[in-house]
Undergrad: 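Below are the structure tokens for one structure; questions will follow.
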Amino acid sequence: MNIKKFAEKMQAAVAASLNKEVCLEEKLKFNGTYSYVIVVTDTENDLSPYIYLEPFFEKFQIDNSIEAAADSIISAYQQNKLKKPVSMKWLRDFSQARDKIFYFLINYEANRKLLEYLPHFRYLDLAMVFGVRYSLDDSRPGSITLYHSHLDIWNTTADELMSLAKKNTPRLCPVRISNLSDHIPGNGSIPSPGDSDSLPEPLAEMYVLSNTYGTYGAAAICYENTLKGFSTLMDADILILPESIHQAVLVPLKKDGNITFYKDMFLSSSEAYPNPQEFLSGHPYIYKRSSGQVETA
């Protein structure tokens, strides 16, 4: 059974079990990937969780149980559905949405088809696209990617989105820079920049750049003064390894730094990255202190 047939069976099984209308969509996602999604219609709520079917299909291929797959999807829906009704009528009102608009980065070439539908701007070989951030009933952050259709509803332009997003994004998605040791199991302490005893060299001089939410955090390389301030603190140019759309690894380039080592390490790790939807770039970048600009490494 292929995933399309599986998705159709899940749609019917979940609709029968919940006695609700269930929509099945095939969505174009980032980097040219497609996902089958189940959405349970909730007449009391403007929002309903999207249940992506690929993980359930992978498990179905192992145990071959339609009933177990349907039960798992229903359980996921029950766990993720909103506890209180949420109205999204504000999204049609630009005066209410404008302060929630932010930007994030995706790969340009890998998203050419999707970018036909999204207002965007080039940034190096990447694309800066836009979203609206909001809070759910229990303060969980959510976001909606903005399409040209939103501009039509708001009677505004991509230039206006950019102007708003430049001001909003650092506030809505505050930058977070942490030592790589904070992300390695078994390393509880974060060494100071000069402390190389707790991590093998050259890993002790690597830092993770993201935002406090951990989503779309690689865009923090575009925040005004973030890279400038970090490079000043480290007294070095900064090698940027774009691990995913959610985060990047920063490496201060000391005079004796081995750039080739870091580039080779980045290439080997990016080839093994498990989620193609989160891919950002196939090569590193460098922030040059002399120019204050980010360049392709």
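In this text the structure is predicted, and so the values were computed from the model without any measurement.
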Undergrad: Scan residues 288-297 for pairs that pass salt bridge (charged side-chain N to carboxylate O under 4.0 Å, His left out), counting only residues two or more places apart or in two chains.
TA: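 Qualifying pairs, neighbours excluded: Asp235-Arg289, Lys288-Glu295.
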Undergrad: In Å and rounded to the nearest 0.5 Å, what is the NE2 to CG distance from His246 to Leu280?
TA: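 The NE2 atom of His246 sits 10.0 Å away from the CG atom of Leu280.
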Undergrad: Check the side chains of Asn111 and His120 for a donor-acceptor pair under 3.5 angstrom, ignoring hydrogens and angles.
TA: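 No, because no side-chain N or O of His120 sits under 3.5 Å from a partner of the opposite role on Asn111.
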Undergrad: Which pairs, with at least one residue in residues 153-176 and sequence neighbours excluded, count as a ring pair (Phe, Tyr, Trp, His ring centres under 6.0 Å)?
TA: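 Counting only pairs at least two positions apart or across chains, the ring pair (Phe, Tyr, Trp, His ring centres under 6.0 Å) contacts touching residues 153-176 are Phe94-Trp154, His150-Trp154.
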Undergrad: To the nearest 0.5 Å, how far apart are NZ in Lys4 and CG in Leu24?
TA: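 Those atoms lie 9.5 Å apart.
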Undergrad: Any side-chain to backbone donor/acceptor pair from Asn2 onto Lys5? Under 3.5 Å, distance only.
TA: yes
Undergrad: Using the side-chain contact (heavy atoms from CB on, under 4.5 Å) definition, which of the options Thr169, Asp159, Ile101, Thr156 pairs with Leu164?
TA: Ile101
Undergrad: With the 4.5 Å side-chain cut-off for hydrophobic clustering, are Ile3 and Tyr52 part of the same group?
TA: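 No, no single cluster joins them.
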Undergrad: What's the verdict on side chain to side chain contact (heavy atoms under 4.5 Å, CB included) for Arg171 and Phe102, showing C-alpha distance, side-chain angles and the deciding distance?
TA: CA-CA 9 Å; Arg171 171 180 56 84; Phe102 70 101; over 6 Å; no
Undergrad: Heavy atoms only: give me the nearest Ala236-Leu253 pair and the separation to one decimal.
TA: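 Answer, listing the atom of Ala236 first, then Leu253: CB-O, 3.5 Å.
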Undergrad: Working to the nearest 0.5 angstrom, can you tell me the gap between Met128 CE and Leu161 CG?
TA: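 The CE atom of Met128 sits 12.0 Å away from the CG atom of Leu161.
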Undergrad: For Arg112, give me all partners under salt bridge (charged side-chain N to carboxylate O under 4.0 Å, His left out), at least two apart in sequence or on another chain.
TA: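 Glu109.
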Undergrad: Report the C-alpha separation of Leu209 and Thr226 in whole Å, then their side-chain angles, then the decisive distance to 0.1 Å, and conclude whether the side chain to side chain contact (heavy atoms under 4.5 Å, CB included) test is met.
TA: CA-CA 10 Å; Leu209 171 72; Thr226 292; 4.2 Å; yes
Undergrad: Measure from the side-chain N and O atoms of Ser48 to the backbone N and O of Val40, and report whether any donor-acceptor pair falls under 3.5 Å.
TA: yes
Undergrad: Holding to ring pair (Phe, Tyr, Trp, His ring centres under 6.0 Å), I want the full list of residues that pass it with Phe57, two or more places apart in sequence or in another chain.
TA: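 Phe57 satisfies ring pair (Phe, Tyr, Trp, His ring centres under 6.0 Å) with Phe6 once adjacent residues are dropped.
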Undergrad: Who passes salt bridge (charged side-chain N to carboxylate O under 4.0 Å, His left out) against Glu8, sequence neighbours left out?
TA: none
Undergrad: List in chain and number order the residues that pass salt bridge (charged side-chain N to carboxylate O under 4.0 Å, His left out) with Arg98, two or more places apart in sequence or in another chain; answer none if no residue qualifies.
TA: Glu160
Undergrad: Looking at residues at least two apart in the chain, or sitting in another chain, which of them share a ring pair (Phe, Tyr, Trp, His ring centres under 6.0 Å) with Tyr223?
TA: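 Applying ring pair (Phe, Tyr, Trp, His ring centres under 6.0 Å) to Tyr223 gives none.
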Undergrad: Check Ile238, Thr296, Leu239 against Ile286 for a side-chain contact (heavy atoms from CB on, under 4.5 Å) and give me the one that passes.
TA: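 Only one option passes, and that is Leu239.
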Undergrad: So, are Asp93 and Lys89 salt-bridged, with charged N and O less than 4.0 Å apart?
TA: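 Between Lys89 and Asp93 there is no salt bridge, as every charged N stays at least 4.0 Å from the carboxylate O atoms.
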Undergrad: Considering only residues two or more places apart or on different chains, which pairs with a residue in residues 21-51 satisfy ring pair (Phe, Tyr, Trp, His ring centres under 6.0 Å)?
TA: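 Of all non-adjacent pairs touching residues 21-51, those that pass ring pair (Phe, Tyr, Trp, His ring centres under 6.0 Å) are Phe30-Phe104.
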Undergrad: In chain order, what residues pass the salt bridge (charged side-chain N to carboxylate O under 4.0 Å, His left out) check against Lys29, with sequence neighbours excluded?
TA: none
Undergrad: Tell me every residue that passes ring pair (Phe, Tyr, Trp, His ring centres under 6.0 Å) with Tyr77, counting only those two or more places apart in sequence or in another chain.
TA: none
Undergrad: Report all side-chain donor-acceptor pairs from residues 212-221 shorter than 3.5 Å, counting only partners two or more places apart or in another chain.
TA:
none

Undergrad: Suppose we screen for ring pair (Phe, Tyr, Trp, His ring centres under 6.0 Å). Which residues come up paired with His148, at least two apart in sequence or across chains?
TA: none
